[in-house]
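Report on the structure given below.
Heavy atoms only: backbone and side chains are in, while hydrogens, waters and symmetry mates are out. Nothing here was measured: the structure is a model prediction, and the numbers come from that model. Every chain is numbered from 1, with letters handed out A, B, ... down the list of sequences.
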Number of protein chains: 2
Amino acid sequence: MEQTLTISIQDYLKNIYELTENGESASTNALASKLNVKPASVTGMVQKLASAKPALVEYQKHQGVTLTDDGKKAALEVIRHHRLLEAWLVQTLGYSWDEVHAEAEKLEHVISEDFERRIAAAMGHPLRDPHGELIPTADLQMPLDDSTPLSSLRANQSGTVQYVKAADAELLKHFETLGLIPEAELEVTGYSPFDHNLTIKIGRKSIVLGLNITSKIYVKES
Amino acid sequence: MEQTLTISIQDYLKNIYELTENGESASTNALASKLNVKPASVTGMVQKLASAKPALVEYQKHQGVTLTDDGKKAALEVIRHHRLLEAWLVQTLGYSWDEVHAEAEKLEHVISEDFERRIAAAMGHPLRDPHGELIPTADLQMPLDDSTPLSSLRANQSGTVQYVKAADAELLKHFETLGLIPEAELEVTGYSPFDHNLTIKIGRKSIVLGLNITSKIYVKES
DNA sequence: CTTTAAATTTAGCCTTGACTAAATTTATTT
DNA sequence: AAATAAATTTAGTCAAGGCTAAATTTAAAG
């Protein structure tokens, strides 16, 4: 019997935010598997969030959930905490790029606004976390992203890696080995229209990357 | 109707530790008022802790609680977290001496052992927190204290302030104003056997302190 | 030694947020 | 359009960890 640890409202909101970034609404099932909880439990919590004093989500039976403005603010608050913490842990405690996530995941829920301000100021109000993800501003707006997936570049285009979208540490390590880390500069030297593979030059080496990778590396074209 | 926020087991253990440092056992009532919880709730939790897989407390009806070795280890773990965090927050984020407590109170429960090791190492394994309280060692022993209350000194004895035992920020500020902070050096110039007041010289000023203060300032005689 | 007061425990209730199983709705096939 | 499959919701259960009120112990006072 698995111990059934309880998910915070903040986690619900954060995950709804992530699932709805594409404009679609989040399904009960998707949320459930993201949160490691049964769909029925999600339904219950979502109903509660929808009927909270200031409603945090918009919810219609069988139609999925969306965040209200209040809910979105709360979600961005947690995401800001998370990303600032990741940056902070890397910069001051020498955490590696792929170790910070779990620690930030726990701290994000308990730090004060004062703590948030202090670390933001100490780092000079960074725009992106160590993965390159955008950090919501202090007034809880998500900055516009001027990057595109590496997979959208073609031969002779070049750019600077902005961020790397990978959940698991193993993949992150792999990217790091390839040199595909934020700030890295690269140039596309070849494109295979058949399988969408790209040949890129990074530093002094030339490598071929499949779509599974090029769709996860975001670059700013230059 | 007050919202009834739930107290962690760690908080129970930490507070039992503090109440039993004098060798006595902790009463249900004392624990209840420390934790802002009703005595009946304490009884319930204490019974649970006593019958946990490895028992965390020793408990006999109407006799109060004591920590088992396992319970003491868990308590010292949290206390170590708390004190390391206070030191860390003061040193790296410029928190003032009296602001750190609340923040550390929240963080102490969620940081990983890795985080603990990192901040301890970054600070060079400090012995005391910013209040001067001893920090339990990495192997969870409470170091011996070689300090005595200022109230035990007499004329012509002098010492260095080790720590200041005050719960509320207001009192801490007062001590700070007087210059009674860790590392400060002072000399006792007078003693009134009637009311136990001490006249001390600290820096270039001379002040008279009552027992209410001298019993809370701990010094290392020199 | 009683009596009264104070502290503690018991018993039963309430809320939260999970869970399972059954019912219902929506979506997909044929 | 009917039948089946997949997703979602409802209903009822459970464990935690608070709470209150009543019962019981221990301690203090006369």
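Separating the CG atom of B/Asn29 from the C1' atom of D/dA27 is a distance of 14 Å, rounded to the nearest angstrom. Distance CE (A/Met45) to P (C/dC19): 11 Å, rounded to an integer number of Å. If you take CG of A/Leu5 and P of D/dA16, they are 14 Å apart, rounded to a whole angstrom.
Listed by first then second residue, pairs satisfying ring-ring contact (aromatic ring centres under 6.0 Å, His included) with a partner in residues 36-90 of chain A read A/His82-A/His101, not counting sequence neighbours. Among residue pairs with one or both ends in residues 109-130 of chain A, none qualify as ring-ring contact (aromatic ring centres under 6.0 Å, His included); sequence neighbours excluded.
Near DNA chain C, meaning a heavy atom under 4.0 Å away, the residues from residues 30-40 of chain A are A/Val37, A/Lys38, A/Ala40. Contact check of residues 21-28 of chain B against DNA chain C (heavy atom, cut-off under 4.0 Å) returns B/Ser27, B/Thr28. Listed by residue number, B/Lys48, B/His62 are the residues of residues 48-67 of chain B with a heavy-atom contact under 4.0 Å to DNA chain D.
Neither side chain, B/Thr68 nor B/Asp70, offers a donor N or O lying under 3.5 Å from an acceptor on the other.
A/Ser41 has no side-chain polar atom (N or O) that falls below the 4.0 Å cut-off from OP1 or OP2 of C/dG17. For A/Thr43, a side-chain nitrogen or oxygen approaches OP1 or OP2 of D/dT9 to under 4.0 Å. The side chain of B/Thr6 contributes no N or O atom lying less than 4.0 Å from OP1 or OP2 of D/dG17. Phosphate proximity of D/dA16 to B/Tyr12: absent, as no side-chain N or O sits under 4.0 Å from OP1 or OP2.
Residues satisfying the side-chain hydrogen bond (donor to acceptor under 3.5 Å, both in side chains) test with A/Tyr95, not counting sequence neighbours, are A/Glu103. The side-chain contact (heavy atoms from CB on, under 4.5 Å) check on A/Ser151 picks up A/Pro149, A/Leu211, A/Thr214, A/Ser215, with sequence neighbours excluded. In this structure A/Asp195 satisfies the side-chain hydrogen bond (donor to acceptor under 3.5 Å, both in side chains) test together with A/Ser192, A/Asn197, sequence neighbours excluded. In terms of the side-chain contact (heavy atoms from CB on, under 4.5 Å) criterion, residue partners of A/Gln63 (sequence neighbours excluded) are, by chain and number, A/Gln60. A search for side-chain contact (heavy atoms from CB on, under 4.5 Å) contacts involving B/Ala74 returns B/Leu13, not counting sequence neighbours.
Classification of B/Asp145 and B/Arg128 as a salt-bridged pair holds, one side-chain N sitting under 4.0 Å from a carboxylate O. We find that A/Asp114 and A/Arg118 are joined by a salt bridge, their nearest charged nitrogen and carboxylate oxygen being less than 4.0 Å apart.
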| field | Audit row: B/Ile213, B/His174, side chain to side chain contact (heavy atoms under 4.5 Å, CB included) steps and yes/no | value | CA-CA 10 Å; B/Ile213 286 188; B/His174 180 52; 3.8 Å; yes

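Consecutive pairing runs in DNA chain D reach the stem threshold at C:1-30 with D:1-30, where a stem means at least three Watson-Crick or G-U wobble pairs with distances under 3.5 Å.
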Anything under 3.5 Å between a donor and an acceptor, one on a side chain of residues 37-50 of chain A, the other on a protein residue two or more places apart or in another chain? List them.
unit_1  : atom_1 : unit_2  : atom_2 : d
A/Thr43 : OG1    : A/Pro39 : O      : 3.3

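Taking each heavy atom of B/Ser25 and B/Gly64 in turn, the nearest pair found is OG-CA, 3.9 Å.
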